[in-house]
Amino acid sequence: MKKLIAGNWKMNGSLAANDALVRALVKGMEGDAGCSVAVCVPAPYLAQVQMLRAGSALELGAQDVSQHSEGAYTGEVSAAMLKEFGVRYTIVGHSERRQYHCETDALVAEKARAALAAGITPIVCVGETLAEREAGRTEEIVKRQLAAVIHANGHCISEIIVAYEPVWAIGTGKTATPGEAQQVHAVLRAQLKAATGHADRVHILYGGSMNAANAASLLAQPDIDGGLVGGASLKAADFLQIVRAAR
Ligand code: PGA
């Protein structure tokens, strides 16, 4: 299966910076990138990035989506709106949204459902905090987070992407070792297999301080099918090096 490298720009960018970054990515991906590549950009930049990526293999992603389809939800963006801008993926349940916007497992599951209904692939983030890891609760936490999404999405579950992002590794420069990450990925793989009931392989990405130097060893693990890359996705050279490591 082709690996997927998805950049998560978070709340970074400007018209000028995006222009330079996306042009460099498109140029660097000429020919066969050998893996799928996407950038998840802030909503106001979707139109700009959609135009810049036109004709290339670079896919477009969003960072969040409303669980509602339309109506009086000031500030929200629906999956149908994202779809109109050529969005292929949307992150849901990123730990920053769980933490700063009080998103619950049930809400994340609803957001995944809304994305799937519009034909957008949700990248569902799960991951434990440092305190949870130290208390030996990693498996319990990630399984609970994923179970909510499985419960709400039933037979569509093979169409989601999962991203394991240990909260303590996000933006900290502290990466899970390939062995630590693989261990959790294997747990998630088993849970997904039991839920889908067949051999369909769901992509499970690793995220949390993935960079040009550590990507190859993480991506070499049997159950790591790609990366969700924050900081390093803002520099074209670093991001392209991660893409090359995923070939
Ligand atoms: P990071 O972020 O690569 O900067 O740690 C990853 C993420 O939050 O998706």
Side-chain angles (χ1 to χ4, degrees), residues 3-13 17-18 21 25 35-43 45 49 58-65 87-103 108 111-112 115 120-130 132-133 138 141-142 145-146 149 160-178 180-182 184-185 188 203-219 221 224-246:
K3 290 192 163 50
L4 166 66
I5 301 297
N8 173 12
W9 290 2
K10 309 195 179 188
M11 200 171 72
N12 294 291
N18 306 344
L21 176 55
L25 294 181
C35 63
S36 305
V37 187
V39 284
C40 300
V41 311
Y45 296 135
V49 177
L58 181 67
E59 302 272 9
L60 186 57
Q63 299 176 6
D64 185 29
V65 65
V87 167
R88 165 96 190 263
Y89 304 102
T90 183
I91 298 171
V92 298
H94 191 281
S95 62
E96 287 150 16
R97 295 209 59 87
R98 291 180 190 260
Q99 187 181 349
Y100 306 135
H101 302 272
C102 305
E103 292 196 0
V108 173
K111 290 185 170 200
I120 293 174
T121 303
I123 300 177
V124 177
C125 299
V126 301
E128 81 287 4
T129 63
L130 185 58
E132 288 162 346
R133 171 162 283 260
T138 299
I141 298 295
V142 298
Q145 291 171 332
L146 183 56
V149 177
I160 72 167
I161 290 176
V162 176
Y164 170 54
E165 297 207 313
V167 178
W168 48 271
I170 294 176
T172 57
K174 257 182 98 176
T175 321
T177 64
E180 283 171 336
Q182 166 58 30
V184 179
H185 280 235
L188 296 169
H203 273 89
I204 308 178
L205 315 181
Y206 170 79
S209 297
M210 184 181 269
N211 59 39
N214 63 25
S217 58
L218 286 160
L219 294 167
Q221 298 300 311
I224 300 187
D225 307 315
L228 183 56
V229 184
S233 73
L234 298 171
K235 293 183 213 120
D238 289 22
F239 192 61
L240 286 169
Q241 204 168 324
I242 296 171
V243 167
R244 282 191 288 271

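Remember, it's 1-based here, ligands and their atoms both numbered in the order they're listed.
Looking at Asp64 and His94, their side chains never come closer than 4.5 Å, going by heavy atoms from C-beta outward. Side-chain contact between Leu60 and Val41: present, with at least one pair of heavy atoms (C-beta onward) separated by less than 4.5 Å.
Taking each heavy atom of Met210 and Val229 in turn, the nearest pair found is O-CG1, 3.9 Å. Smallest separation of non-hydrogen atoms from Tyr45 and Asn12: CE1-O, 4.5 Å. Of all heavy-atom pairs spanning His185 and Tyr164, the tightest one is NE2-CB, 3.6 Å. Shown here for Ile123 and Ala6, the closest heavy-atom pair between the two residues is CD1-CB, 4.3 Å.
Residue Ser209 places a heavy atom under 4.0 Å from ligand 1. No heavy atom of Gly207 sits closer than 4.0 Å to any atom of ligand 1. Taking 4.0 Å as the cut-off, Ala169 counts as a neighbour of ligand 1 on heavy-atom distance.
The protein atom (non-hydrogen) at minimum distance from atom 9 (O) of ligand 1 is Glu165 OE2, 2.7 Å. Nearest protein neighbour of atom 4 (O) of ligand 1, counting heavy atoms only, is Gly231 N, 2.8 Å. For atom 3 (O) of ligand 1, the nearest non-hydrogen atom of the protein is Gly230 N, 2.9 Å.
When each atom of ligand 1 is checked for a heavy atom of Lys10 under 4.0 Å away, the hits are 2 (O), 7 (C), 8 (O). Each of the following atoms of ligand 1 lies closer than 4.0 Å to a heavy atom of Gly171: 1 (P), 4 (O), 5 (O). Close approach of ligand 1 to Gly208 is summarised as follows: ligand atoms under 4.0 Å from at least one heavy atom of the residue are 5 (O).
The parts of Ile170 lying near ligand 1 are both backbone and side chain, judged by heavy-atom distances below 4.0 Å.
Between Ser95 atom OG and Glu128 atom CD the span is 10.5 Å, to the nearest 0.5 Å. For the atom pair CD1 of Ile242 and NZ of Lys3, the computed distance is 14.0 Å after rounding to the nearest 0.5 Å.
Distances between N or O atoms of His94 and those of ligand 1 include at least one value under 3.5 Å.
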